[in-house]
Asker: 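The structure under discussion is supplied below as structure tokens; questions concerning it will follow.
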Amino acid sequence: MSLSSCCNGAEIFSCHEMDSCDLDFPDIDLNGSAAPTPESTLKAGLDVNTRKKYMYAKKKAFALFVKELQTSTSPHTYQDIFIKWKCCGQDFRDLRTIHKHVAAQHATEVLHQTQKILEELVIAATSSLPCTDHLDITDASTELCWSSQKISDWLPDLKCYKIEDLKSEQGEVLLYYCYCDVCDPQWICDWQRTLCNLLHLTGKIRIASEGINGTVGGSKVSTKLYIDTMLSHPLFKQMCLEDFKRSDGGAHCFPDLRVGVFHEIVPMGVDPQKVSYKETATHLTPEEFHERVEQYLSASQEEKDTILLDCRNFYESRIGQFQNCLAPDIRKFSYFPNYVDQNLEFFKDKTVLMYCTGGIRCERGSAYLRSKVT
């Protein structure tokens, strides 16, 4: 069996935002006979464990490359909060255009940086350092001691901001998650509560030993400061700007702020120690995932050895779904394990392409499916 899952799609029809994962077995050839690309050559040379981290390394390499192009200075006014980039003699004022430029013109540089990050991850994986799965070896000492420091040491300096900038009703809502090993969930919980109160953010944040899952709303000044603070913390260095999904809104979208420590960051009802996020299927790029979907849709019924599995709740699937997908009639994600248990024979000897709304359910869902059929 081969298993895949689409992991970072804000909407199932927004293909440019989707990220997916796939676990290939040698007896199944889905890649065709196309000439190898530098990216496919790099991936072909990776072992199974390193290949699972390829998408993380690529995302980080891309984010680092884009960050190097920033020309903004320290913000002093509200207008200064908007970032500007310069590259190839051009000015860029929004993420969409700079991302398109980098993807089109600097793929080779990003690929080289991806390879370096993968090499660092291989070195880190052989070390005995606890607390985190994706660990930058140069930051090992910082990674191990953050929970012994004061929470105030990890808060942003607001001296140059006005209170009205932080409490503006016109703002946005952030949706994000990060799977990582959290050795002190209560410290992260206290830090998040303090940080959100400081920035006048509302919403809900779940923290567990397996990571963090949050939805917060506030002014654009506050949400930018929140993202910057998150990305500066050693535990969340694997995240990048694109991991925070934005939508119009603000603090008024939620009645209050709720931050707590839970057993799981998304309730599946399965002990994370028994089915870990680390056992998730390998991520595919959006292009790879949609190529697989096209192959699936073009195959005849007799030739189909692939299942396109919608990992969302039934009321989400009814809003919109891929053609010919399998959409389980489940009311909440905690019913997913039972659905898999009751249909194990259906999934055997099949390639499973999985997708969900934000990605968080695909991570654990694909891990659970793997634990049952492999």
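Note: hydrogens, waters and symmetry copies are ignored here, and every other heavy atom, side chains too, is used.
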Asker: Of all the heavy-atom pairs spanning Cys240 and Phe244, show the shortest one and how long it is.
Answerer: O-CD1, 3.7 Å
Asker: Checking Arg364 against Tyr277: charged group under 6.0 Å from the ring centre and within 45 degrees of the axis?
Answerer: no
Asker: Any side-chain heavy atom of Leu235 within less than 4.5 Å of one from Val182?
Answerer: yes
Asker: Could you see if Phe262 belongs to whatever hydrophobic cluster contains Ile188? Use Ile, Leu, Val, Met, Phe, Trp, Tyr and a side-chain cutoff under 4.5 Å.
Answerer: no
Asker: Mind running side chain to side chain contact (heavy atoms under 4.5 Å, CB included) on Tyr161 and Leu158 for me, showing each step along the way?
Answerer: CA-CA 5 Å; Tyr161 297 96; Leu158 303 182; 4.2 Å; yes
Asker: Just by distance, no angles: are the side chains of Asp341 and Tyr368 close enough, under 3.5 Å, to form a donor-acceptor pair?
Answerer: yes
Asker: Is the shortest side-chain N to carboxylate O distance from Lys86 to Asp91 below 4.0 Å?
Answerer: yes
Asker: Heavy-atom count around Glu164 CD within 6.0 Å, excluding the residue itself: above 12?
Answerer: yes
Asker: Could you tell me whether Asp190 and Arg193 make a salt bridge, using a distance below 4.0 angstrom between a side-chain N and a carboxylate O?
Answerer: yes
Asker: Identify the heavy atoms of Phe92 and Cys87 that sit nearest to each other, and give their distance.
Answerer: CE1-O, 3.7 Å
Asker: Measuring from atom CG of Leu297 to atom CZ of Arg292, what distance do you get when rounded to the nearest 0.5 angstrom?
Answerer: 14.0 Å
Asker: So, for Leu201 and Gly218, which heavy atoms are closest and what is the spacing to 0.1 Å?
Answerer: CD2-CA, 3.6 Å
Asker: Is the backbone N or O of Glu172 less than 3.5 Å from a side-chain atom of Arg246, with the two atoms forming a donor-acceptor pair by type?
Answerer: no
Asker: To the nearest 0.5 Å, what is the distance between OG1 on Thr114 and CG on Leu42?
Answerer: 7.5 Å
Asker: What are the two closest heavy atoms between Cys362 and Thr280, and how far apart are they?
Answerer: O-OG1, 4.0 Å
Asker: Donor-acceptor check, side chain of Asp271 to backbone of Gln273, threshold 3.5 angstrom: yes or no?
Answerer: yes
Asker: Quick one: pull up CZ in Arg318 and CZ in Arg312 and give me the separation to the nearest 0.5 Å.
Answerer: 12.0 Å
Asker: Heavy-atom count around Asp248 CG within 6.0 Å, excluding the residue itself: above 12?
Answerer: no
Asker: Would you say the side chains of Gln323 and Tyr296 form a donor-acceptor pair under 3.5 Å?
Answerer: no
Asker: Between Tyr177 and Glu363, is there a side-chain donor-acceptor contact under 3.5 Å, judged purely by atom types and distance?
Answerer: yes
Asker: Are the side chains of Cys196 and Tyr226 in contact, using a 4.5 Å heavy-atom criterion?
Answerer: yes
Asker: Minimum heavy-atom separation for Tyr315 and Asn313, please, with both atom names.
Answerer: OH-ND2, 3.0 Å
Asker: May I ask you to check whether Ser222 and Ser219 show a side-chain donor-acceptor distance below 3.5 Å?
Answerer: yes
Asker: Indicate, with yes or no, if Phe254 and Val221 share a hydrophobic cluster defined by side-chain heavy-atom contacts under 4.5 Å among Ile, Leu, Val, Met, Phe, Trp and Tyr.
Answerer: no
Asker: Would you say the side chains of His99 and Glu242 form a donor-acceptor pair under 3.5 Å?
Answerer: yes
Asker: Can we say Asp165 and Lys220 salt-bridge, meaning some charged N sits less than 4.0 Å from an Asp/Glu carboxylate O?
Answerer: no
Asker: For residues Leu174 and Thr223, determine if any side-chain heavy atom of one lies less than 4.5 Å from a side-chain heavy atom of the other.
Answerer: yes
Asker: Output the distance between atom OH (Tyr54) and atom CD (Gln115), rounded to the nearest 0.5 Å.
Answerer: 9.5 Å
Asker: Indicate yes or no: at least one non-hydrogen side-chain atom of His263 is less than 4.5 angstrom from one of Pro272.
Answerer: yes
Asker: Between the side chains of Lys116 and Glu119, is the shortest nitrogen-to-carboxylate-oxygen separation below 4.0 Å, so that they form an ion pair?
Answerer: no
Asker: One thing to verify: whether Glu316 and Arg361 come together as a salt bridge, which I'm taking to mean a side-chain N less than 4.0 angstrom from a carboxylate O.
Answerer: yes
Asker: CG/Leu64 to CD1/Ile117 distance, rounded to the nearest 0.5 angstrom?
Answerer: 5.5 Å
Asker: Where do Phe236 and Cys178 come nearest, in terms of heavy atoms and distance?
Answerer: CD2-SG, 4.0 Å
Asker: Looking only at the aromatic ring of each residue, does the gap between the centers of Trp85 and His101 stay below 6.0 angstrom?
Answerer: no
Asker: With no hydrogens and no angle check, is any side-chain donor or acceptor of Thr351 less than 3.5 Å from a backbone partner on Thr306?
Answerer: no
Asker: Can you get from Phe333 to Val275 by hopping between Ile, Leu, Val, Met, Phe, Trp and Tyr side chains that sit under 4.5 Å apart?
Answerer: yes
Asker: Decide yes or no on side chain to side chain contact (heavy atoms under 4.5 Å, CB included) for Thr202 and Val216, but give the supporting numbers first.
Answerer: CA-CA 5 Å; Thr202 60; Val216 295; over 6 Å; no
Asker: Hey, are Glu264 and Arg206 close enough for a salt bridge, meaning a charged N less than 4.0 Å from a carboxylate O?
Answerer: no
Asker: Counting C-beta onward and ignoring hydrogens, is there a side-chain heavy-atom pair between Lys150 and Asp153 closer than 4.5 Å?
Answerer: yes
Asker: Under 3.5 Å, is there a donor-acceptor pair between the His106 and Glu109 side chains?
Answerer: yes
Asker: Does a donor on one side chain sit under 3.5 Å from an acceptor on the other, for Asp310 and Ser317?
Answerer: yes
Asker: Quick check on the 6.0 Å ring-centre criterion: do Phe65 and Phe62 meet it?
Answerer: no
Asker: Are the side chains of Thr229 and Trp154 in contact, using a 4.5 Å heavy-atom criterion?
Answerer: no
Asker: Is there a donor-acceptor pair under 3.5 Å between the side chain of Trp187 and the backbone N or O of Ile151?
Answerer: no
Asker: Taking the side chain from Gln238 and the backbone from Tyr179, do they hold a donor-acceptor pair closer than 3.5 Å?
Answerer: yes
Asker: How about Gln186: does its CD atom have over 12 heavy atoms from other parts shown lying under 6.0 Å from it?
Answerer: yes
Asker: Side chain to side chain contact (heavy atoms under 4.5 Å, CB included) between Leu308 and Asn324: does it pass, once the steps are laid out?
Answerer: CA-CA 7 Å; Leu308 183 57; Asn324 296 338; over 6 Å; no
Asker: Please lay out, stage by stage, how Phe314 and Ile330 fare under the test side chain to side chain contact (heavy atoms under 4.5 Å, CB included).
Answerer: CA-CA 6 Å; Phe314 73 88; Ile330 56 176; 6.0 Å; no
Asker: Distance check, rounded to the nearest 0.5 Å: Ile307 atom CD1 versus Phe347 atom CZ?
Answerer: 5.0 Å
Asker: Indicate, with yes or no, if Ile360 and Val352 share a hydrophobic cluster defined by side-chain heavy-atom contacts under 4.5 Å among Ile, Leu, Val, Met, Phe, Trp and Tyr.
Answerer: yes
Asker: Val259 and Ile227: same hydrophobic cluster, using ILVMFWY side-chain contacts below 4.5 Å?
Answerer: yes
Asker: Any heavy-atom pair between the side chains of Leu195 and Leu225 that's under 4.5 Å?
Answerer: no
Asker: Using side chain to side chain contact (heavy atoms under 4.5 Å, CB included) as the criterion, point out the one residue from Asn213, Asp243, Ile212, Thr215 that pairs with Tyr176.
Answerer: Ile212
Asker: Does the side chain of Leu353 reach to within under 4.5 Å of the side chain of Leu309, using non-hydrogen atoms?
Answerer: no
